[in-house]
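These numbers come from a predicted model, not from an experiment. Chain letters run A, B, ... following the sequence lines, proteins first and then strands; every chain starts at 1.
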There are 2 protein chains.
Amino acid sequence: MRGRPDVATPSPRGSGIAQQRILDAAMDLYFEHGVGGTSLQMIADRAGLTKAAVYYHFQAKEDIVLAVITPALDAVARLTEAAAAARNRSTAVDILITGLVDLVLENRRLGAVLWADPTIAQILIGHPARREIGARIHAQLIGPNPDAETRVRAAIFGSSLRIAASPELAEMDTEILRRHMIDNARRLIGVRAPRPVA
Amino acid sequence: MRGRPDVATPSPRGSGIAQQRILDAAMDLYFEHGVGGTSLQMIADRAGLTKAAVYYHFQAKEDIVLAVITPALDAVARLTEAAAAARNRSTAVDILITGLVDLVLENRRLGAVLWADPTIAQILIGHPARREIGARIHAQLIGPNPDAETRVRAAIFGSSLRIAASPELAEMDTEILRRHMIDNARRLIGVRAPRPVA
DNA sequence: GTCTATACGCTGATAGAC
DNA sequence: GTCTATCAGCGTATAGAC
């Protein structure tokens, strides 16, 4: 880790137990009603607290959402570090492709609710740490001095990750979906599979 | 229940001038603050009306949003009809690809604000007419008895339309973007030149 | 038909007592 | 750490003036 940890931290006050109860209640309710349809009152009721008590632990509604999705954001950050440490650009790009597809498929059910949730999208737009990570990944994908086609293809790859949460493919086997997503991504970004080491 | 409201129609009351003033004010404000960040009060103030007067013309906040995006939805509906009237499936698919890309690029600036707006996405999810059109286009794209790869590719194409509103490509020339989007879509969906009807 | 005045229940958020 | 009390603002709704 380098530098400034506090930027990304939701910084909840107090000790752990009530916190976890709030987050558990929030996740349950997000599944049932979506993020936008979940009020602080509902979270407080299910966690057995008052609205104001919830506010003691999390200073804003956004902070609860961020605390819920932070593990996934951290995983993305780790991905860019792994890619940055790769021996060459092809390897780095392949780490990003397979890593992002894996990540998005690991959270497939969660993603169908959270990643595709409009309210989350709104929150992430205004989240500086997330923007930075997004920009870093984007730069790693397109490389230096990209032409128009490269930039378009990278953008298509980025938006294609969303299909993991698509209702039309919800019942498709995850392994099959993974293979097709990675195949198409490799063809799109134009990186050959890394050569075997030996 | 009041009267027998038509399900699909935003059905504003009254007719003409004030309506348009409200819609103009709404569009301006959507550009400035996004849909979610625009309240009825703001719309009323800019249109020179009270909140209740706005509520007279549009019974709900959603109705205003729907009235704003209805022209685009109608265009999509016309597209599926054109595709359905095509001589063979390859032609139909190509009509859909080029038509959807064109549509999304025509509304590029509008789309960057509206099409990508989380609040709009939320509204459209609950909009039955829109769901039906989406399902129809999807069926026309993948054809009968699609295999897994076909379905994945169709889903990728669908999500790829979003890049028209992507900030990273905002300054890219529209014609160049169009060419690359169509090229990639054709490669993805894999439509050959229409065969002669034998 | 078009609009004003007024209000309801709810939201996210804050201040301060225990 | 958790409470009560309170806030302004929201979308929605109705009664009634013109």
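- Side-chain atoms of B:S90 and B:N88 form no donor-acceptor pair, as typed in the model, at a separation below 3.5 Å.
- Between A:H57 and D:dT2 there is a side-chain N or O to OP1 or OP2 distance below 4.0 Å.
- Between A:Y55 and C:dA13 there is a side-chain N or O to OP1 or OP2 distance below 4.0 Å.
- Using a 4.0 Å cut-off between charged nitrogen and carboxylate oxygen, A:R151 and A:D147 do not count as a salt-bridge pair.
- At whole-Å resolution of the value, CG in B:D63 and P in D:dG11 are 13 Å apart.
- Classification of A:E32 and A:R46 as a salt-bridged pair holds, one side-chain N sitting under 4.0 Å from a carboxylate O.
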Query raised in the report: What dot-bracket string describes DNA chain C from 5' to 3', counting Watson-Crick and G-U wobble pairs whose defining distances are under 3.5 Å, with [ ] for crossing pairs and | for pairs to another strand?
Result: .|||||||||||||||||
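- Taking atom CZ of A:F58 as the reference point, atom P of C:dT14 lies 16 Å away to the nearest angstrom.
- Of the candidates C:dA13, D:dT12, C:dG1, C:dA13 carries the atom nearest the A:A60 side chain, counting heavy atoms from C-beta on.
- Distance B:I22 CD1 to C:dT2 P: 11 Å, rounded to the nearest Å.
- In this structure, a donor-acceptor pair under 3.5 Å is absent between the side chains of A:Q41 and A:S39.
- Nearest nucleotide to the side chain of B:A18, out of C:dA13, C:dC3, D:dT12: C:dC3.
- Side-chain atoms of A:Q140 come within 3.5 Å of backbone N or O of A:T80 as a donor-acceptor pair.
- A:D94 and A:T91 share no donor-acceptor pair across their side chains, judged by distance under 3.5 Å alone.
- At a threshold of 4.5 Å between non-hydrogen side-chain atoms, the residues A:Y55 and A:T50 do not count as touching.
- A donor-acceptor pair under 3.5 Å links the side-chain atoms of B:T38 to the main chain of B:G34, judged by distance alone.
- Sorted by residue number, the list of members of residues 115-125 of chain A with any non-hydrogen atom under 4.0 Å from DNA chain C is empty.
- Within the 3.5 Å criterion, the main-chain N or O of B:I125 finds a donor-acceptor partner in the side chain of B:R131.
- The side chain of B:Y56 contributes no N or O atom lying less than 4.0 Å from OP1 or OP2 of C:dC3.
- Put simply, the side chain of A:D173 gets close to the backbone of A:I176: a donor and an acceptor are under 3.5 Å apart.
- Between B:E175 and B:R108 no salt bridge is recorded (no basic side-chain N to carboxylate O distance below 4.0 Å).
- Using a 4.0 Å cut-off on heavy atoms, the residues of residues 25-53 of chain B that approach DNA chain C are B:T50, B:A52, B:A53, listed by number.
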